[in-house]
Amino acid sequence: MLNNFDILETIKMIEEEHLDIRTITMGISLVDCAADDINVLADKIYDKVTRRAEKLVATGEQIESELGIPIINKRISVTPIAMIGATSSADSYVPLAQALDRAAATTGVNFIGGFSALVQKGFSKGDEILIRSIPEALATTELVCSSVNVASTKTGINMDAVRMMGEVIRQTAELTADRNCIGAGKLVVFANAVDDNPFMAGAFHGVGEPECVINVGVSGPGVVHSAIRRAGSDCSINEIADIIKKTAFKITRMGQLVGSIAGERLGVPFGIVDLSLAPTPAVGDSVARILEEVGLECCGTHGTTAILAMLNDAVKKGGVMASASVGGLSGAFIPVSEDEGMIHAVREGALHLDKLEAMTAVCSVGLDMIAIPGDTPAETISAMIADEMAIGVVNTKTTAVRVIPAIGKKIGEELEFGGLLGSAPVMDVHPFSSAGFIRRGGRIPAPMHSLKN
């Protein structure tokens with residue numbers, strides 16, 4: 001039940017504290033689109049996506065208008081294309097990416113995810129073709145996002161895939177160098193990827209999901225920041241954690257409402273609410289500023305990881321009380337280019353890649369939207385991926401790498417993306433080579449605690 005105070009509080013959160021529904025994402029199964037001819041397959045994919053998502057954007061806009069709640073993005077995720085492409089005899093899946101791009105444009109969504117492969121234990125024919133297709137696919141499309149899962153706690157780390165993804169990221173950045181290397185910004189490498197993630201670039205429709213489903217991603221760093229600021233500096237850390245839990249409850253409740261209405265009107269099941277704190281470049285909508293409000297002079301200094309761990313845990317605890325359908329990634333995101341406070345911390349010299357890596361051990365995802373020097377070798381990118389995958393595998397959590405080689409740029413320069421993607425200061429990487437390690441290939445075995453049966 002909502003009383004007058006709840007309504008007025010929600011209005012204040014929306015108008016003054018950047019509270020929004022970051023995305024409603026429709027997941028669509030493409031399993032029944034199989035075809036030997038790649039062009040027939042592309043047409044089937046286009047037809048199904050446009051048919052299923054025909055009313056997605058209009059429904060989102062209608063709910064937004066009726067409830068007065070901003071819904072920033074409407075998105076689509078599909079079955080990993082490596083699985084669907086394997087039913088054809090093609091040696092490139094670029095036509096499938098282009099079909100997805102056309103479908104996204106036709107339906108009016110912001111992004112479509114699922115140009116993906118799951119290779120944590122090895123490659124099928126379709127997986128290898130998809131990975132080789134990624135650079136051209138992302139260079140010739142506007143709205144397609146790609147992801148590859150190369151590791152899991154149950155299987156270990158596929159180091160052959162890690163090596164390939166370092167090369168693919170560089171190639172993708174090079175092919176889109178005239179657009180600030182944006183192709184690499186739409187490509188993420190995962191450990192322990194989840195099937196119901198509504199956020200891009202990592203969203204895909206998992207094989208255990210329904211035929212069609214609505215997942216919602218909410219976001220409210222500004223609301224959490226304001227709640228901590230109002231509490232004042234005399235609160236203990238456990239009191240701060242309690243404030244965050246109560247705030248996360250309110251944010252998630254709104255996402256549950258929007259998701260339920262959207263699912264009912266679209267005639268598809270409501271899946272999950274992802275209650276991640278996803279920042280934007282707007283002032284007042286930053287995860288980094290939350291950490292600073294707790295008592296840091298600048299994000300990245302000593303104590304950053306401890307506060308982030310508390311924040312992530314409190315957000316999850318508050319969210320699960322507000323919805324029986326919490327899923328996705330659910331926690332705090334730390335994308336550098338998309339967070340005004342993170343950008344500031346990098347510019348001030350307080351935040352470095354090594355510290356970001358430590359932070360990823362306790363937050364929702366990983367090294368996210370980070371620009372690195374344009375001459376960074378592919379082997380170094382692969383080694384960065386390997387380190388992040390190890391954190392995910394050993395800690396039984398989702399981790400990811402979305403780094404952008406800034407072709408033609410050096411440390412201290414910036415890539416400008418605009419919109420929610422913001423701007424990324426080029427960060428330093430270690431100058432010493434990891435090539436010998438990456439060349440070995442093979443697979444890092446799963447950790448002992450993977451044997452839980």
Practice problem: Please determine, by modelled atom types, if Ser286 and Asp339 share a side-chain donor-acceptor pair under 3.5 angstrom. | Solution: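 Yes, because at least one side-chain N or O of Ser286 sits under 3.5 Å from a partner of the opposite role on Asp339.
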
Quiz prompt | Under 3.5 Å side-chain donor-acceptor pair for Ser88 and Asp37 | solution =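 Their side chains do not contain a donor-acceptor pair, so the 3.5 Å distance test is not met.
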
Do the charged groups of [X] and [Y] touch, with an N to O distance under 4.0 Å?
X	Y	answer
Glu414	Arg347	yes
Glu379	Arg170	no
Glu413	Lys410	no
Lys48	Asp32	yes

Between [X] (side chain only) and [Y] (backbone N and O only), is there a donor and an acceptor less than 3.5 Å apart?
X	Y	result
His449	Val394	yes
Lys74	Gly108	no
Thr59	Lys55	yes
Ser147	Val189	no
Ser226	Val223	no
Thr399	Glu388	yes
Thr376	Pro373	yes
Ser116	Pro80	no

pair [X]-[Y]: side-chain heavy atoms closer than 4.5 Å:
X	Y	result
Asp313	Val362	no
His205	Asp195	no
Arg52	Ile28	yes
Met26	Cys212	yes
Val148	Ile134	yes
Thr305	Lys355	yes
Lys397	Asn192	no
Ile24	Arg75	no

Report the distance from atom [atom1] of [X] to atom [atom2] of [Y], rounding to the nearest 0.5 Å.
X	Y	atom1	atom2	result
Asp196	Ser325	CG	OG	10.0 Å
Ile372	Leu353	CD1	CG	8.0 Å
Glu340	Ile343	CD	CD1	7.5 Å
Asn312	Leu329	CG	CG	10.0 Å
Thr301	Glu292	OG1	CD	10.0 Å
Ile72	Asn110	CD1	CG	9.5 Å

Quiz item: Any side chain to side chain donor-acceptor pair (under 3.5 Å) pairs touching residues 120-135, not counting sequence neighbours?
Solution: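 Counting only pairs at least two positions apart or across chains, the side chain to side chain donor-acceptor pair (under 3.5 Å) contacts touching residues 120-135 are Gln120-Asn149, Ser124-Asp127.
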
Residues two or more places apart in sequence or in another chain: which of them pass side-chain hydrogen bond (donor to acceptor under 3.5 Å, both in side chains) with [X]?
X	value
Gln98	Thr140
Gln171	none
Ser276	Asp274
Thr176	none

Practice problem: Go through Asn197 and Asn215 one step at a time and tell me if the side chain to side chain contact (heavy atoms under 4.5 Å, CB included) criterion holds. | Solution: CA-CA 8 Å; Asn197 171 21; Asn215 296 320; over 6 Å; no

Closest contact, heavy atoms only, [X] versus [Y]:
X	Y	answer
Asp101	Leu143	OD1-N, 2.7 Å
Leu138	Lys186	O-NZ, 3.8 Å
Glu293	His225	OE1-NE2, 3.1 Å
Val403	Ile169	O-CG2, 3.7 Å
Val287	Ala332	CG1-CB, 4.5 Å
His344	Cys298	CD2-SG, 4.3 Å

Quiz item: Taking only residues two or more places apart in sequence or in another chain, which ones pass side chain to side chain contact (heavy atoms under 4.5 Å, CB included) with Asp160?
Solution: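 Scan of Asp160 (side chain to side chain contact (heavy atoms under 4.5 Å, CB included), adjacent residues dropped) gives Phe123, Asn158, Arg163.
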
Quiz item: Partners of Met159 by side chain to side chain contact (heavy atoms under 4.5 Å, CB included), sequence neighbours excluded?
Solution: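 Partners of Met159 under the side chain to side chain contact (heavy atoms under 4.5 Å, CB included) test: Ile157, Val162, Ala386, Phe437, Ile438, Ile444.
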
Quiz item: Any ring-ring contact (aromatic ring centres under 6.0 Å, His included) pairs touching residues 165-200, not counting sequence neighbours?
Solution: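 Of all non-adjacent pairs touching residues 165-200, those that pass ring-ring contact (aromatic ring centres under 6.0 Å, His included) are Phe199-Phe333.
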
Exercise. Keeping to residues at least two apart or across chains, list the ring-ring contact (aromatic ring centres under 6.0 Å, His included) pairs with something in residues 80-122.
Key: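 Output for this query is empty, none listed.
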
Quiz item: Between Ile76 and Val78, does a side chain to side chain contact (heavy atoms under 4.5 Å, CB included) hold up when you go through it step by step?
Solution: CA-CA 7 Å; Ile76 297 168; Val78 299; 4.1 Å; yes

Self-check item: Leu275/Val315 under side chain to side chain contact (heavy atoms under 4.5 Å, CB included): CA gap, chis, key distance, verdict
Solution: CA-CA 8 Å; Leu275 50 96; Val315 165; 3.0 Å; yes

Quiz prompt | Of all pairs that satisfy salt bridge (charged side-chain N to carboxylate O under 4.0 Å, His left out), the ones with a partner from residues 84-96, not counting sequence neighbours | solution =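 Output for this query is empty, none listed.
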
Practice problem: Sorted by first residue and then second, give each salt bridge (charged side-chain N to carboxylate O under 4.0 Å, His left out) pair with at least one member in residues 360-375; sequence neighbours left out. | Solution: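 Every salt bridge (charged side-chain N to carboxylate O under 4.0 Å, His left out) pair that includes a residue of residues 360-375, provided the two are not neighbours, is Asp368-Arg402.
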
Quiz prompt | Arg439 CZ: over 12 foreign heavy atoms closer than 6.0 Å | solution =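 Incorrect, the count does not exceed 12.
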
Side-chain donor/acceptor pairs under 3.5 Å, residues 416-432, sequence neighbours excluded:
{"unit_1": "His430", "atom_1": "NE2", "unit_2": "Asp354", "atom_2": "OD1", "d": "3.3"}
{"unit_1": "His430", "atom_1": "NE2", "unit_2": "Asp354", "atom_2": "OD2", "d": "3.1"}

Practice problem: Report the C-alpha separation of Arg179 and Glu142 in whole Å, then their side-chain angles, then the decisive distance to 0.1 Å, and conclude whether the side chain to side chain contact (heavy atoms under 4.5 Å, CB included) test is met. | Solution: CA-CA 11 Å; Arg179 289 178 281 156; Glu142 296 292 331; 3.5 Å; yes

